[in-house]
Structures are given as structure tokens and as C-alpha cells.
A.B. asks: 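Input: one structure, supplied below.
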Amino acid sequence: MAASAAISHIYSPLSTKHSPASSSSSSLPPPPPPHLPLKRDLTSSLSRSLHVTRSVARDVTSPSASDGAASKSFPKDSLEKKPRALWKRYIDWLYQHKELGLYLDVSRVGFSDHFFAEMRPRFAKAFKDMAELEKGAIANPDEGRMVGHYWLRKPEIAPTSFLRTQIETTLDKVCAFAEDVVSGKIKPPSSPEGRFTQILSVGIGGSALGPQFVAEALAPDNPPLKIRFIDNTDPAGIDHQIAQLGPELASTLVIVISKSGGTPETRNGLLEVQKAFREAGLEFAKQGVAITQENSLLDNTARIEGWLARFPMFDWVGGRTSEMSAVGLLPAALQGINIREMLAGASLMDEATRTDVVKDNPAALLALCWYWASDGVGSKDMVILPYKDSLLLFSRYLQQLVMESLGKEFDLDGTRVNQGLSVYGNKGSTDQHAYIQQLREGVPNFFATFIEVLRDRPPGHDWELEPGVTCGDYLFGMLQGTRSALYANDRESITVTVQEVNPRSAGALIALYERAVGIYASLININAYHQPGVEAGKKAAAEVLALQKRVLAVLNEASCKEPVEPLTLEEVADRCHCPEDIEMIYKIIAHMAANDRALIAEGSCGSPRSIKVYLGECNVVDMYA
Ligand SMILES: O=P(O)(O)OC[C@H]1O[C@](O)(CO)[C@@H](O)[C@@H]1O
């Protein structure tokens, strides 16, 4: 109880995230200038029928608008359907990274030579922006931050020797700690196994999605430590994770991950886990690890309470690009995943995506396709279809990387643009029996990205389930068939191919999409590295909880009377001095009633006007004082 109370003081529920190095994330952009709609010019010198998309009448705000250039329009021609011409387009545009064994096929996206030529100046600017970013420019101007995730896999390019040392030291510390935990040198104090067997990772968003993707993609069948995640403030979900651990809680390493160190969901997960430890008679501090910014609330808590270890998150690494920091590397190393290979794969991809020749740069090619397919305004969704079970979580990982980065109200000049690119997907061929029907024949509001893995299973394990055909051949056939069927119906697609799913290719895929997002953000002139929109929901949630405390105080007072005075919703709202919040008060009371924390004296939640409510016992409010 004491430990929980101590932390409750350090963290305040739904506190705005505290970032030790910057407090500027809430700074608002200047008011937008009047919006001048520019009807997209769909007249084309190429006069063939235009049937790929609905006609686009949205504005296309050019990323170069800031330097005075006019908005561009790119007429869409029919997709090429002749097999020989398509084969030529395939060969002409095929990108291959020999060392990584990675291919990118953009032939089934119908951009024209004219479009490609028109985009060149924008790409020149994007490459310059990315080069400056890598050199340490303040690429996140709203938060006054550098953006340095590329340095994590090549510390020698970090802009100062101090940063380089920080990266190298942290990596060494991660490797050494993981080795000591796996070997049993660092052990839990009271586990019969004598070593850690489980990881419970507590974190959300960028502090969970990368580790979840990597665990699903790369963890061996019998990892030295198995991993589970608490990535929400859903009590039932948390209970489920803790219940699944059972007595193994005694041999569980709890890694609490939060860059800001103040995210409410993560704090709640931590408090719930600490309660479970107390109830099991275990000492949490001996099994707790924090990954967070130095001097954050979480860091201070872990230091004061003497947790087993603390690892830094750097100010210049964003949550959604933190997989190659301690955030992703520590859990991966503990599962026996070769993290240096992950870094090597990412580094090779970084190298390949630095070139300013668009055709030779796979990230630029992706950005080119995204721009073409979605008219540079997010008019179509990106559907990610990995044909490999282990890549199931790639689309969820990309959802945050792409949507939190690109989904912005204002561009870098303060013009309202409401940009973004929606991402969803699951895996093939599973999706074929779910929503591919709509993709093939329904609303043409998407472009697909197939992720193909050439190696079906480890060598020596394959067999033919019918003459000449393996199980993997079916998967291959499903991918190729779906790609063809979609294209035949004018649905564009990109295909990324890797030899196999391993630490190197996973690192490369992450780096590929990180760079594509950076380049695309530059093409559309937005800051990809902040997330001002997330704050609005958090602020509103904090207000709801503050209102709940007032409701509890009012109900408590009435419930302490002799006899108890049940109140109508109107009475509660009046006594809270916020009659305009009656709907929210109703929802608060309905939620409390469903959890036996408020009693309905009269009526039912289905007819709000009839409700009279009181608390089962008075003084409850003291708990919330
Ligand atoms: O690592 P933290 O600071 O707990 O934040 C978790 C996530 O929350 C967000 O800030 C959004 O609220 C993401 O950008 C981030 O990855």
C-alpha cells in the first residue's frame, strides 16, 4: 500500500505528459490563413478514360507551396493492362537491395512519367530535409527537438560525440543486462526457477507497438524469456495478463516503458502490477526495469524505489520510431533475438535510402507511390497485407508510424491541410476470407501493399501436400492471385519482398518505412514528428475524471444524510454547479452503477430522467480527495 501511495504522489492521474527536456509540445501553430480551394485540374493531355479513382476535387497543397510554387495536378490515366508492357514496367522499376535480399515492386501503381518528372523538385527538397535531419537539424520545430532515430543504428553519424557515446553506452548496457538476465546471473529474489522466465512489458503506443511487432515476428518458439504486454488501462485486460502469469509472477521481469514517464495508461498498468506483486508477497523493485527519459516521473520513481535497472530514452527519439532504442532492443534481446542484426538491417536500409536518385531509393519510391495513389492528400487508404503470420502486427505498427506522423491539421506554414494516410490490414491469405471481397469489388478507396516472404519455412522442413505443391505454394499463389485480381479491377498495389523474416529483414523493413514517412512528410510539408492532436482527447479525459470526483463528492454528501437522500441527475448536476454537463454526469453514474460503485434507487439507466442515485456507503469520497 505504501509503495502505491508513494507512486500516486509522484504521478498524478492523466497528468499532461511531462517531458524533462521540452515543454513546447502544446504550443499552438499560428492561426491558419484563409483557405483557398484549388479545384484539381483533371484535364489531361492524355485523353484516355479516367477510371482509376473517383474524380478528385480536393485541394492539393503542394509541399513547395511555401516557396511559392503553384499546386500541381496529376491526371490519372488508365492502368496499363497489356502483359508485355506490364512486364517491361516491372523490370524498369524493380528495386533490389542485394545484401538485404529485399525487393520493391511499384509496377502496379500507375504513376506516369509526367508525374514522376513533376515530382522531382519536391523529392530534391525532401532529400535535403532528410540530410539536414540526420545532421541534427531541429526537424521537429514545434517541440524544438532533433530527430535522431537514424543515429541509433549508426552512432558515428550522431551530430556530437556526447550523443554517440550515449547511444553506444546504452546499447552495451542493454546487451550486458540481457545476457546477465538470460544466463541467470541477475535473478529474481524469490522464484523457484532461480531465473527470470517471463517479461511483462507495460507501455502504450510507441512504447508497445514496436516490441509487440518484433516479438511476434522474431521471437523463437522457445525464447529464454516469454513476453506479454499490458498496453491499456483496461482492468480486465490487465487482470488477464497477471492471471496468465500465475505463480510465474515471481520470475517475471516487469519492463515499464514510457518516453515521457507520465502516460496515464502506463502509470495505471504499473500500479496494478505493483498491487499484484504486493498481494503475492513479492518485492516489485527487485523485478522492475524502467525505460524512460532521464529525470522523468517514471525515472525518478524507479530511482527512488531502487528498481533493478533503468535505461534511457532519448529526447531526440520519438515513441513511434523508438524500436531501435532500448525500448525495442531490451525486450528483443531478452527473448533471444539478435539485436545487432536488427540494427545492421536498419543501417543497411538507411544507407540505401539516403541516395537522392528516386529510382534507386526504396523509401522514395514508396513515398512516390503513396503520393500518387492518395493524391498527396490521403484520398486513399493504405492496406498492408503481409503474407506471413509472423508479420501480423506489421500493419498495426505501421498504423501508428504513418498515421501519428502524417495525420496533421496544419502544415509547416500553418496552413490548415488536414493531412494523413489511413493504414489498416491484417494478413494474407486470411484477409481473403474476410474483407478482400470489398477490396476487389467495392469502394475503390485504397491501395494495397503486399509484403511477400520468399522462404516458406526453414530449409529441410518442407513437403508436398499434393504432387508438386507445398503449403507455402498455396500462400504464394494466394498473394499473386490477389495482386492480379485487384489490379485487373484497377486497384493499385505495391509489393515488398524479403527472403525471410529475420532480425535483419525486420530491421530493414522498419527503417524503410521510417524513411518513407520522413520523405513523404517533406513532400506534403508537414511536421511528422509531433502529435498535437493526441493531447485534446487526453485533456478531455482528465476533465471527465475531475467531474467524476465532483459527482462523488455531491453523492457522498447526500448519501451520508439520515435518511440517505437519493438524487436525480438534474440535482447532481446542479449541486456540481455544472448543469450543462448533465449528459456526462449521466454517463459517469451509469459507469459507476455498472461497477457497483453507485446504487440506483429509482428508475433505470435506460431512462435517464427516471434515475435517482445514491452511494452504498458514505465517506467514499475521501478516497478521491
Ligand atoms: O512513451 P510514452 O511517453 O508513454 O508515450 C506513449 C505514446 O503516447 C503518444 O504520445 C501519444 O499519446 C505516442 O506518441 C507515444 O508513443
Side-chain angles (χ1 to χ4, degrees), residues 51-53 76 78-96 101-111 217 362 365-366 369-370 372-374 380-396 398 422-457 461-501 505 509:
H51 67 278
V52 176
T53 60
K76 293 202 167 170
S78 307
L79 291 176
E80 177 60 68
K81 295 285 168 50
K82 290 188 217 79
R84 297 303 295 187
L86 263 182
W87 171 235
K88 182 175 180 309
R89 184 171 171 83
Y90 180 84
I91 295 169
D92 285 350
W93 283 95
L94 184 65
Y95 169 84
Q96 180 198 15
L102 180 144
Y103 299 82
L104 175 64
D105 159 33
V106 295
S107 65
R108 265 51 171 187
V109 179
F111 57 83
L365 285 172
L366 282 182
C369 293
W370 298 355
W372 166 262
S374 78
K380 286 195 174 184
D381 302 343
M382 172 156 50
V383 181
I384 303 287
L385 292 164
Y387 277 63
K388 187 53 69 182
D389 286 1
S390 64
L391 294 180
L392 171 72
L393 298 183
F394 193 47
S395 51
R396 203 188 289 178
L398 289 182
S422 302
V423 179
Y424 65 92
N426 182 28
K427 68 182 164 82
S429 67
T430 313
D431 292 339
Q432 206 143 337
H433 302 274
Y435 61 78
I436 289 199
Q437 163 64 30
Q438 175 170 321
L439 298 192
R440 173 65 167 67
E441 296 181 348
V443 199
N445 60 351
F446 72 95
F447 62 99
T449 303
F450 293 97
I451 313 282
E452 179 186 32
V453 180
L454 291 178
R455 169 68 75 182
D456 292 332
R457 45 161 58 122
H461 288 75
D462 229 347
W463 67 290
E464 292 180 354
L465 38 76
E466 60 192 65
V469 182
T470 65
C471 195
D473 293 339
Y474 268 92
L475 189 66
F476 164 79
M478 296 294 184
L479 187 161
Q480 298 305 335
T482 305
R483 173 176 173 268
S484 301
L486 289 182
Y487 189 77
N489 224 14
D490 295 320
R491 274 68 172 162
E492 294 170 291
S493 68
I494 299 164
T495 303
V496 180
T497 302
V498 293
Q499 295 295 320
E500 55 185 280
V501 180
S505 62
L509 281 175

A.B. asks: Got V109 and F447 here, is their nearest side-chain heavy-atom distance under 4.5 Å?
C.D. replies: no
A.B. asks: Just so I know, are the side chains of Q499 and Y103 near enough to count as touching, which here means a heavy-atom distance under 4.5 Å?
C.D. replies: yes
A.B. asks: Taking D431's backbone N and O only, do any of them form a donor-acceptor pair with N426's side chain (distance below 3.5 Å, no angle check)?
C.D. replies: no
A.B. asks: Can you tell me if CZ on R396 sees more than 12 non-hydrogen neighbours from other groups inside 6.0 Å?
C.D. replies: no
A.B. asks: Working to the nearest 0.5 Å, report the span between CG of L398 and OG1 of T449.
C.D. replies: 8.5 Å
A.B. asks: Between D473 (side chain only) and T470 (backbone N and O only), is there a donor and an acceptor less than 3.5 Å apart?
C.D. replies: yes
A.B. asks: So among V453, L509, I451, which one has a side-chain contact (heavy atoms from CB on, under 4.5 Å) with V501?
C.D. replies: V453
A.B. asks: Quick one: are E492 and L79 in side-chain contact, heavy atoms under 4.5 Å?
C.D. replies: yes
A.B. asks: Between Q437 and E441, what is the shortest heavy-atom contact and its length?
C.D. replies: NE2-OE1, 2.8 Å
A.B. asks: Tell me if the NE2 atom of H433 is crowded by more than 12 foreign heavy atoms within 6.0 Å.
C.D. replies: yes
A.B. asks: Can you tell me if K88 uses its side chain to pair, donor with acceptor, with the backbone of P83 under 3.5 Å?
C.D. replies: no
A.B. asks: Looking only at non-hydrogen atoms, find the nearest pair between L104 and P362 and report the distance.
C.D. replies: CD2-O, 3.3 Å
A.B. asks: Are side-chain heavy atoms of D389 and K427 found at a separation under 4.5 Å?
C.D. replies: yes
A.B. asks: Flag this pair as yes if the NZ/CZ of R108 is under 6.0 angstrom from the six-membered ring centre of Y487 and inside a 45 degree cone about the axis; otherwise no.
C.D. replies: yes
A.B. asks: What distance do R89 atom CZ and K82 atom NZ have between them, rounded to the nearest 0.5 Å?
C.D. replies: 12.5 Å
A.B. asks: Measure the spacing between CZ of R483 and CG of D105 and express it to the nearest 0.5 Å.
C.D. replies: 4.5 Å
A.B. asks: Identify the heavy atoms of C369 and I494 that sit nearest to each other, and give their distance.
C.D. replies: CB-CD1, 3.6 Å
A.B. asks: Does any part of the side chain of S429, heavy atoms only, come nearer than 4.5 Å to the side chain of Y387, both counted from C-beta?
C.D. replies: yes
A.B. asks: Is the backbone of D462 close enough, under 3.5 Å, to the side chain of R457 for a donor and an acceptor to pair up by distance?
C.D. replies: no
A.B. asks: For the residue pair G425 and S395, what are the closest heavy atoms and their distance?
C.D. replies: O-OG, 2.7 Å
A.B. asks: If we ignore hydrogens and angles and just use 3.5 Å, is the side chain of S505 paired with the main-chain N or O of E500 as donor and acceptor?
C.D. replies: yes
A.B. asks: If we ignore angles and hydrogens, is there a donor and acceptor under 3.5 Å between the side chains of Y474 and E466?
C.D. replies: yes
A.B. asks: So which heavy atom on T497 is nearest to which on T495, and how close?
C.D. replies: OG1-CG2, 3.7 Å
A.B. asks: Mind checking whether W372 and F111 have parallel, tilted or perpendicular rings, split at 30° and 60°?
C.D. replies: perpendicular
A.B. asks: Where the side chain of R440 meets the backbone of N489, is there a donor-acceptor pair that is under 3.5 Å apart?
C.D. replies: no
A.B. asks: Do W93 and L365 have side-chain heavy atoms sitting under 4.5 Å apart?
C.D. replies: yes
A.B. asks: A quick test of your reading: do over 12 heavy atoms of other residues, nucleotides or ligands sit less than 6.0 Å from OH of Y424?
C.D. replies: yes
A.B. asks: Just verifying a value: how many Å separate F446 CZ and I384 CD1, rounded to the nearest 0.5 Å?
C.D. replies: 12.5 Å
A.B. asks: Nearest 0.5 Å, please: how far is CG in L392 from OG1 in T430?
C.D. replies: 8.0 Å
A.B. asks: Would you call K81-D490 a salt bridge at under 4.0 Å N-O?
C.D. replies: yes
A.B. asks: Please name the pair of heavy atoms, one in E452 and one in L479, separated by the smallest distance, quoted to 0.1 Å.
C.D. replies: CB-CD1, 3.7 Å
A.B. asks: Distance-only, no hydrogens or angles: does the R491 side chain make a donor-acceptor pair with backbone N or O of A448 under 3.5 Å?
C.D. replies: no
A.B. asks: Taking side chain as C-beta onward, heavy atoms only, is I436 less than 4.5 Å from M478?
C.D. replies: no
